[in-house]
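Naming convention: chains lettered A, B, ... in sequence-line order (proteins, then strands); numbering from 1 in each chain.
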Amino acid sequence: MSKFRIAVHITPRKGLLDPQGNAVRDALRTLGFNSVKDVHVGRYIIVETDAYDALTAEDAVSDMCAKLLANPVTEDFEIESAVPA
Amino acid sequence: MSKFRIAVHITPRKGLLDPQGNAVRDALRTLGFNSVKDVHVGRYIIVETDAYDALTAEDAVSDMCAKLLANPVTEDFEIESAVPA
Amino acid sequence: MKFGIVTFPGSNCDYDAFQAVTDILGEEATYLWHKDHDLQGSDVIILPGGFSYGDYLRAGAIARFSPIMREVAAHAKAGGPVLGICNGFQIACEAGLLPGALMRNSHLQFVSAEVRVRVENSDTMFTNLYDRGEILRMPVAHGDGRYVAPPGVLEELEAEGRVVFRYADADGGINADANPNGSERNIAGIISEAGNVLGMMPHPERACSPLLGSNDGVRLLESILARVAA
Amino acid sequence: MSDVKPRAGDPVITPALIAEHGLTKLEYERLVGMLGRSPTFTELGIVSALWSEHCSYKHSRPILKTLPTTAPYVLQGPGENAGVISIGDGLAVAFKIESHNHPSAVEPYQGAATGVGGILRDVFTMGARPIAMLNSLRFGSLDDSRVRYLFSGVVKGIGDYGNCVGIPTVAGEIVFDPAYANNPLVNAMCVGLLHEEDLIRAKAEGVGNPIMAVGARTGRDGIHGASFASEDLSDASGAKRPRIQVGDPFTEKLLLEASLELIKSGHIVAIQDMGAAGLTSSSAEMAERGDVGVTIDVTRVPTRESGMSPYEILLSESQERMLVVAKKGREDAVRDILTRWDLTAAVIGEVIAEPVYRVTEGDRVVAEFPGSRLVTDCPSYSPEARESSAIADLRAADPFSIAERAEERDPAWTLEQLLSAPTIASKAWAYRQYDSTVRTNTVIGPGGDAAVLRIRGTNKAIAVKTDCNGRYVYLDPRVGGRIAVAEAARNVACTGARPMAITNCLNFGNPTRPEVFFQLKEAVAGMGEACRALGTPVTGGNVSLYNESPSGAVYPTPVIGMVGLIDDLSHITRATFQKDGDTILLLGELGGELGGSEYLATIHGKVIGAPPRCDVERERALIDALLGAIRAGVVSSAHDCSDGGLAVALAECCIANPEHESGADIDLSSHSALQDRAILFGESQGRVVVSSPAPERVLAIAAKAGVPCAQIGRVALESDTLAIKLPKRSLRSPLSRLRRAYHETIPKIMARTPEHSTFDELAPVAAH
Ligand SMILES: Nc1ncnc2c1ncn2[C@@H]1O[C@H](COP(=O)(O)OP(=O)(O)O)[C@@H](O)[C@H]1O
Ligand SMILES: [Mg+2]
């Protein structure tokens with residue numbers, strides 16, 4: 001067993017209203033960043049877990065996303081490659 | 001001008017209590033993911049902006065982070081390379 | 001004396017602050033629109049509670065860039081009193097009028113309850129009508145009320161008597177059970193270095209009538225009156 | 001009439017498509033008859049939404065007509081966005097309850113949040129400023145992790161939305177029963193305050209007046225939510241998830257302020273929330289009420305996504321939107337107000353003289369219906385109603401035939417079991433997440449019998465509460481319907497308020513099943529009887545049918561939202577014991593019934609017997625006596641007996657307020673004709689526990705009103721025990737144990753699952 005670090009990106013599902021992203025976009029424009037077209041705000045989760053190898057670690061995290069970390073109704077998730085921690 | 005997409009990771013500053021990370025870690029263990037050692041929860045922000053080139057876009061986003069997107073007292077941020085959107 | 005109460009988009013305790021000032025204190029109050037640049041001659045500024053800009057991103061993060069905040073900062077710099085309540089406290093921290101930050105409650109839930117706070121410093125322009133060590137009852141209602149500050153800053157606040165209120169139990173004990181949000185050192189309210197900006201999570205403006213459970217907040221407003229009028 | 005032709009790219013109308021739209025063959029024929037031709041895809045969508053149960057009330061309209069709706073103080077009865085009653089001093093109260101059951105079953109956080117948003121809009125479109133939120137929730141057993149996930153998600157959704165908008169959530173009820181396992185009920189109620197002269201109705205008027213879309217932009221959210229709400233929940237519902245809308249309470253707050261400013265400005269003639277079936281139902285209903293025609297151009301509707309079809313724009317259920325009929329020439333003034341609040345307003349149509357409902361896409365007509373027949377011609381059904389014989393058998397069973405368990409020899413054990421039943425235990429875990437004090441009017445918040453809000457500028461207050469015991473309605477719908485109203489009235493009266501009027505939310509199963517339709521008919525009949533006797537007309541409500549899952553229908557649950565008026569602040573009365581040495585009295589009869597009780601359900605796992613009798617005239621007398629005593633100033637506290645009976649009521653009087661506990665000594669030993677357990681835990685109706693410093697005055701007032709009343713004990717502030725002498729035994733419970741049972745149960749259960757409260761938008765567990 002070795003320790004791995006896996007990063008997960010969770011973003012609001014496309015097409016669903018993203019009030020948080022909209023508020024940040026508008027705020028940035030008010031601050032003078034007029035070229036900002038769009039903003040999406042999601043979650044960034046880092047999981048440190050023991051596993052036999054990177055693949056097993058990634059599989060486990062994918063399972064965690066489906067079960068807990070992401071809300072399948074409103075969110076999409078993306079898992080980065082595991083790195084030794 | 002072209003459109004770029006820049007991802008930003010904002011994480012709770014090390015050493016600060018991360019109750020959300022701890023709660024997720026405990027929850028994952030309750031669900032049977034016993035090998036999970038630690039979890040950190042941060043924000044993932046995607047900015048889509050117009051800029052002359054990738055570098056200018058990244059600079060602008062770095063400025064956005066310093067001004068608004070991250071709280072310097074409690075958070076660290078990291079900007080990924082701009083990709084054409 | 002005139003109180004200016006800032007209405008940010010999403011403020012929802014501006015009305016309560018207005019009522020407390022006009023109805024209970026019998027003083028003049030005016031709403032200040034976030035897009036304006038005019039304090040309308042206000043002597044005291046209240047940054048009220050609520051969810052400015054929905055508290056999206058971070059509580060208070062967007063509101064601090066509202067046009068009116070430039071004048072509020074100038075007013076504070078000139079020694080004018082500023083009272084930040086709940087979301088107003090969060091905005092004041094984000095704006096750098098007060099040190100530290102307010103993070104998600106440690107239990108991760110919104111908390112609406114009556115709490116007790118102990119008066120730690122009764123020698124401020126906001127607390128001069130209280131006794132030091134006195135226990136006050138006030139409502140809290142927030143999701144992001146956990147006060148944090150870098151270690152050095154905490155020591156400095158303590159040393160300078162700038163921790164004004166601390167969550168306490170009925171007997172004045174400072175302990176985890178009395179702490180509704182996990183704030184460091186049970187801190188419920190702090191004051192700026194110059195002593196003219198107070199930020200607090202509990203709602204004094206909701207504690208202004210025995211009919212509603214407590215009028216312990218009245219003397220906070222009266223303290224300002226006493227000091228500024230003097 | 002215009003020439004309406006199918007739009008390029010629209011699906012062809014087939015029997016399968018018609019079925020998918022929830023229309024029966026007969027309904028489709030009715031539509032063709034009305035149009036005199038085949039409908040376009042857009043028209044099919046419109047009709048599917050408007051003729052859905054949710055919008056058309058096709059199975060409930062004739063039944064609802066039997067309810068009383070008038071009183072001199074009713075300014076607006078059913079038919080508008082919310083009911084309105086006058087409370088004197090030129091002031092009025094607008095209130096309404098609504099369900100969001102199906103969305104919450106699929107996505108509890110957003111489902112509940114958008115339910116709160118919708119009911120808020122219903123109230124502020126009447127010109128009222130919302131002053132309080134309530135809710136009524138039903139879930140399965142908390143032992144189930146999926147139920148805990150639903151419960152925590154719904155509570156967080158309600159809290160986050162109401163807290164952000166800044167309206168206090170002050171009262172409600174939460175019941176846990178396996179009957180709701182796969183079909184939770186989430187009903188939200190809003191109460192608003194207005195000056196009578198600001199009352200505005202959603203009635204399109206004035207030919208040539210522009211119709212404007214105001215607030216958030218339209219996206220592809222929740223298309224066909226209304227018809228979704230009119231189907232059974234099956235496993236296939238999971239596939240419908242993209243329909244779920246996302247709420248934005250921040251925009252709602254801006255919309256609230258902007259709308260109230262708009263109404264005051266005099267620039268508009270009507271305003272209505274775009275709720276279920278969105279633009280379609282709001283525009284059609286406004287036209288029908290005003291008996292005018294309308295035309296709408298979908299290309300002028302501000303959208304969030306590009307390429308939306310007329311069908312999608314018309315049926316979108318994007319939140320935080322309003323439809324406004326402005327006065328001609330005031331368009332810019334309207335826009336200015338919205339702009340000040342960072343919101344958009346766009347002219348999208350016009351009121352026309354020609355009696356048609358017309359939708360265009362630019363110049364092309366994509367839908368057109370004659371007159372207001374779209375609304376008025378919708379079908380109406382009275383299917384067969386027949387009681388299920390299985391339920392009749394349950395009712396006939398004798399609860400006293402059930403033997404006591406060995407542990408029951410100590411009644412303190414039974415009492416603690418009941419206090420820790422999640423349905424009875426303190427709901428502070430939930431309502432601590434609701435801001436209940438914002439707006440500084442909350443005199444009594446969650447935790448009392450009803451919530452009390454003072455009315456500024458007067459010496460008055462209003463009391464509000466939601467109530468229903470679905471188990472009673474299940475066992476006997478007529479009696480259960482009566483009890484729901486009577487209990488709500490009693491709760492309001494316990495705070496010192498005269499019950500004034502109700503709103504209601506009828507949560508039932510599939511009405512095409514005879515036993516469900518029977519329940520609906522009977523329950524509404526019972527409600528009507530109680531409303532007439534108590535003088536509390538119905539000013540509005542909501543019907544939610546098809547609350548079924550593969551495991552069956554929910555208990556029939558007609559939730560009552562009651563509003564009462566207190567005309568002197570000094571009459572406000574609390575539920576818990578206040579003063580040492582006060583005499584404790586029981587207003588009403590001891591009763592001794594056990595049928596349908598929480599005792600049978602919790603201790604014996606049985607749902608049997610006839611629910612308690614409910615004599616509505618006696619309920620009326622009880623309320624008169626109670627209010628008489630309160631107004632005479634001789635009542636220190638008043639708390640009604642409901643779930644768990646007299647023993648639970650007494651325990652709550654002792655420990656419900658953790659800041660002020662007191663013991664009590666009670667003597668009921670003279671009632672030897674009754675079983676001890678029936679005395680303690682029977683749920684006979686029409687009873688209130690009162691504490692008083694002047695018991696003889698209470699007795700005299702009760703006698704005059706013809707209400708039985710007896711002294712049963714004394715408040716013992718310093719005692720740390722609730723002691724009750726019974727004919728055969730006695731009960732002694734240390735307050736510390738009662739406190740633990742009552743206050744710690746739900747927090748402990750919810751602590752088992754930290755995963756459920758982790759994120760803002762909750763993550764579900766592995767139940768899907
Ligand atoms: N969902 C809820 N939201 C707010 N308050 C609630 C909720 N559920 C229960 N409460 C409060 O808890 C108290 C007890 O509720 P309930 O058991 O329904 O009382 P009763 O039996 O007298 O009808 C009431 O004050 C009620 O307002
Ligand atoms: Mg009650």
Mind checking whether [X] and [Y] have side chains closer than 4.5 Å, heavy atoms only?
{"X": "C/I190", "Y": "C/P99", "value": "yes"}
{"X": "C/I68", "Y": "C/L39", "value": "yes"}
{"X": "C/L32", "Y": "C/V72", "value": "no"}
{"X": "C/I187", "Y": "C/L154", "value": "yes"}
{"X": "B/M64", "Y": "B/F77", "value": "no"}

### Query
Is the number of heavy atoms from other residues, nucleotides or ligands under 6.0 Å of B/R5 CZ greater than 12?
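Result for CZ/B/R5: open.
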Which donor-acceptor pairs lie under 3.5 Å between chain B and chain C?
from: B/R43; atom 1: NH1; to: C/L57; atom 2: O; distance (Å): 2.8
from: B/K67; atom 1: O; to: C/R64; atom 2: NH2; distance (Å): 2.9
from: B/L68; atom 1: O; to: C/R58; atom 2: NH1; distance (Å): 3.1
from: B/L68; atom 1: O; to: C/R58; atom 2: NH2; distance (Å): 3.0
from: B/L69; atom 1: O; to: C/R58; atom 2: NH1; distance (Å): 2.9
from: B/N71; atom 1: ND2; to: C/E94; atom 2: OE2; distance (Å): 3.2

### Query
What part of B/L69 lies closer than 4.5 angstrom to a heavy atom of chain C: side chain, backbone, both or neither?
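Its backbone and side chain both get close to chain C.
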